[in-house]
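Here is the structure we will look at, set down as structure tokens.
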There are 2 protein chains.
Amino acid sequence: MNNSEGIKCDCQVIHEEVVFKVRKKMPKEESLNQLADLFKVFGDSTRIRILWALSEAEMCVCDLAFLLNMTQSAISHQLRLLKQARLVKNRKEGKMVFYTLKDAHVKRIFKQGMIHSEEKKEKEQDYEKREKRNNSIKT
Amino acid sequence: MNNSEGIKCDCQVIHEEVVFKVRKKMPKEESLNQLADLFKVFGDSTRIRILWALSEAEMCVCDLAFLLNMTQSAISHQLRLLKQARLVKNRKEGKMVFYTLKDAHVKRIFKQGMIHSEEKKEKEQDYEKREKRNNSIKT
DNA sequence: TGAACACTTGAGCATTCATTCATATGATAT
DNA sequence: ATATCATATGAATGAATGCTCAAGTGTTCA
């Protein structure tokens with residue numbers, strides 16, 4: 001067995017077949033890091049709100065600050081991140097800078113997340129009822 | 001104008017029409033928070049790798065620890081988060097606990113992210129070339 | 001030229017969070 | 001019972017990160 005990985009693992013491996021099969025198909029580390037970084041950008045409520053707003057209309061920094069009730073500085077900092085992540089682009093007009101979403105992907109990622117998020121909410125009540133007696137692992 | 005929002009905004013609002021139109025359509029704060037929280041879970045490379053692995057096969061904690069070359073404890077902590085977020089479920093078998101993805105949404109969210117992430121990479125070279133002279137805002 | 005405004009940016013601060021370490025739980029086997 | 005193994009978990013630590021504050025850039029307008 002190749003021991004170049006799994007060094008930190010403080011237990012015996014049980015299912016080598018599965019593990020090696022999965023490892024073979026594993027995307028490059030860099031790919032998954034990139035993916036995580038993308039989601040990280042979506043993982044903040046300020047940025048989510050900015051993105052949502054921009055999915056509705058082009059807006060300048062001031063507009064966003066007012067809409068979200070935050071300082072213009074805070075918004076600007078976040079827009080910087082969003083731009084680095086290539087999720088938004090901007091256009092200058094006089095003193096103002098207008099931001100829009102960079103492409104349709106953003107909306108699509110959004111939508112997928114929303115679907116999951118809402119389905120979860122719907123099931124919330126049912127779940128609450130069963131929670132105590134019916135955990136997959138008894139607590 | 002209703003001043004109950006936009007208090008922190010330290011600048012005059014320029015585009016009231018747009019802002020109010022967007023505000024009217026704005027989802028409930030709670031909805032967007034929930035969405036951000038969902039993406040937050042995806043926004044970590046360890047969790048992404050766990051999710052990816054589980055999208056390929058059911059695995060126990062040890063398997064994951066070995067596959068990802070991390071301590072069993074670290075994996076376990078992350079699995080706890082993933083379970084709380086309802087992204088994975090588990091099944092006990094003797095001493096072992098096997099984890100799988102909870103539903104197909106996870107894969108779909110994944111895929112959308114991957115599409116964006118990879119498209120970005122493809123454009124990387126082009127972008128690099130133009131970067132210096134052709135920014136939407138001159139730096 | 002200089003005042004006003006939209007925006008950006010760097011430093012500082014407080015909070016969040018991922019991992020580690022030590023320990024606990026719970027199952028199996030001897 | 002006791003030892004062992006898989007897993008879980010609480011506390012601690014160091015790193016990452018969001019916001020604020022103060023200062024800077026660049027544009028318009030007088």
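The sequence lines fix the lettering, A, B, ..., with proteins before strands; numbering per chain opens at 1.
From A:Asp37, atom CG reaches atom CD of A:Gln84 across 11.0 Å, with rounding to the nearest 0.5 Å. Note: A:Phe110 CZ to A:Arg108 CZ = 14.0 Å, rounded to the nearest 0.5 Å.
Residue-to-nucleotide proximity on DNA chain C shows that, of B:Ile14 and A:Arg80, the 5′-proximal contact is made by B:Ile14.
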Would you list the protein and nucleotides 21-23 of chain C atom pairs, both N or O, that sit under 3.5 Å from each other?
{"residue": "C:dC21", "atom": "N4", "partner": "B:Ser73", "partner atom": "OG", "Å": "2.9"}

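When each of C:dA6, D:dT9, D:dG26 is scored by its nearest atom to the side-chain atoms of A:Lys92, the top-ranked nucleotide is D:dG26. Proximity note for B:Val97 (side chain, C-beta onward) versus D:dG18, D:dA8, D:dA6: the nearest is D:dA8. Closest to the B:Lys95 side chain, of the nucleotides D:dG18, C:dG26, C:dC17, is C:dG26.
To the nearest angstrom, C1' of C:dT16 lies 12 Å from CG of B:Asp37. In this structure, CZ of A:Arg91 is placed 16 Å from P of C:dA6, rounded to the nearest angstrom. Atoms CZ (B:Phe42) and C1' (C:dC17) sit 18 Å apart, rounded to a whole Å. Counting to the nearest Å, the C1' atom of D:dT9 and the CD1 atom of B:Ile75 are 15 Å from each other. Put simply, CZ on B:Phe66 is 17 Å from C1' on D:dC5, counting in whole angstrom units. Nucleotide D:dA16 holds its C1' atom 12 Å from the CZ atom of A:Arg47, rounded to whole Å. Straight-line distance from the CD1 atom of B:Ile48 to the C1' atom of C:dA18: 15 Å, rounded to whole Å. Across the protein-nucleic acid pair, A:Met70 atom CE and D:dC21 atom P stand 12 Å apart, rounded to whole Å.
Both A:Val106 and A:Met114 belong to a common hydrophobic cluster when Ile, Leu, Val, Met, Phe, Trp and Tyr are linked at side-chain heavy-atom distances under 4.5 angstrom.
Distances shown here put a side-chain N or O of A:Gln78 below 4.0 Å from the OP1 or OP2 atom of D:dC19. Under 4.0 angstrom from either OP1 or OP2 of C:dA6 there lies no side-chain N or O belonging to A:Tyr99. Proximity of A:Thr46 to the phosphate of D:dC19: a side-chain N or O atom is located under 4.0 Å from OP1 or OP2.
Within the 4.5 Å cutoff, the side chain of B:Asn90 has no heavy atoms near those of the B:Thr100 side chain. Looking at heavy atoms from C-beta onward, A:Thr46 lies in side-chain contact with A:Met70 at the 4.5 angstrom threshold. In this structure the side chain of B:Ile50 never reaches within 4.5 angstrom of the side chain of B:Val88, judged on heavy atoms.
The residue A:Leu81 sits close only to the backbone: its heavy atoms come under 4.0 Å of sugar-phosphate atoms, none of a base.
Looking at A:Glu58 and A:Arg91, a side-chain N of the basic residue comes within less than 4.0 Å of a carboxylate O on the acidic one, giving a salt bridge.
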